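Working notes, beginning with the structure itself.
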Amino acid sequence: IRGIQETQTVTYELLSDEERGYGLRLESECGGIRWSDAQEGLTASLEEAKDLATYLYEHAVGPECWRGVAVDVLKTIHGLF
């Protein structure tokens with residue numbers, strides 16, 4: 001909303017490591033301030049990592065709270081709730 005909110009750009013990056021599996025990096029930029037957070041080894045499944053990144057993107061989850069959301073989504077996928 002112009003005049004009320006600043007433009008924020010959020011990027012979602014899939015990380016791959018042969019030993020640790022797949023993870024994500026989220027970065028945001030707002031008003032010249034950049035913020036980044038990453039976690040490797042979230043899942044061994046490439047498809048699960050892609051689905052998680054898609055979920056975070058579609059729900060506009062930013063790097064300030066994505067870890068908690070990711071844990072909840074992965075627990076739900078694996079029936080751990």
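Computed from a predicted structure; not experimentally measured. Reckoned from all heavy atoms, side chains included, excluding hydrogens, waters and symmetry mates.
- The hydrophobic cluster containing L74 also contains Y57, counting ILVMFWY residues as joined when their side-chain heavy atoms lie under 4.5 angstrom apart, directly or transitively.
- Partner of R25 under the side-chain hydrogen bond (donor to acceptor under 3.5 Å, both in side chains) criterion, out of E40, E13, Q39: E13 alone.
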Could you give me the CA-CA distance, side-chain angles and deciding distance for V73 and L56, then say whether side chain to side chain contact (heavy atoms under 4.5 Å, CB included) is met?
CA-CA 10 Å; V73 169; L56 296 172; 5.8 Å; no
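- The two atoms that bring Y12 and V61 nearest to each other are OH-O, 2.8 Å, heavy atoms only.
- For the side chain to side chain donor-acceptor pair (under 3.5 Å) condition, the pairs that include at least one residue of residues 68-81, sequence neighbours left out, are E48-H78.
- What you find for P63 and V10 is that their closest heavy atoms are CD-CG1, 4.2 Å.
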How far apart are the C-alpha atoms of L42 and L52, what are their side-chain angles, what is the distance that settles it, and do they pass the side chain to side chain contact (heavy atoms under 4.5 Å, CB included) test?
CA-CA 10 Å; L42 288 170; L52 178 58; 4.0 Å; yes
Criterion side chain to side chain contact (heavy atoms under 4.5 Å, CB included) on L14 and L24, from CA distance to verdict:
CA-CA 5 Å; L14 186 64; L24 295 172; 3.9 Å; yes
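- Heavy-atom minimum distance, Y22 versus A49: CB-CB, 3.6 Å.
- Residues satisfying the salt bridge (Lys or Arg N to Asp or Glu O under 4.0 Å) test with E6, not counting sequence neighbours, are none.
- With values rounded to the nearest 0.5 angstrom, K50 atom NZ is found 12.5 Å from T43 atom OG1.
- Distance check, rounded to the nearest 0.5 Å: CD of E29 to OG1 of T7 gives 9.0 Å.
- Looking at R67, its side chain does come within 3.5 Å of a backbone N or O of A38 through a donor-acceptor pair.
- For the pair E18 (side chain) and G21 (backbone), a donor-acceptor distance under 3.5 Å is absent.
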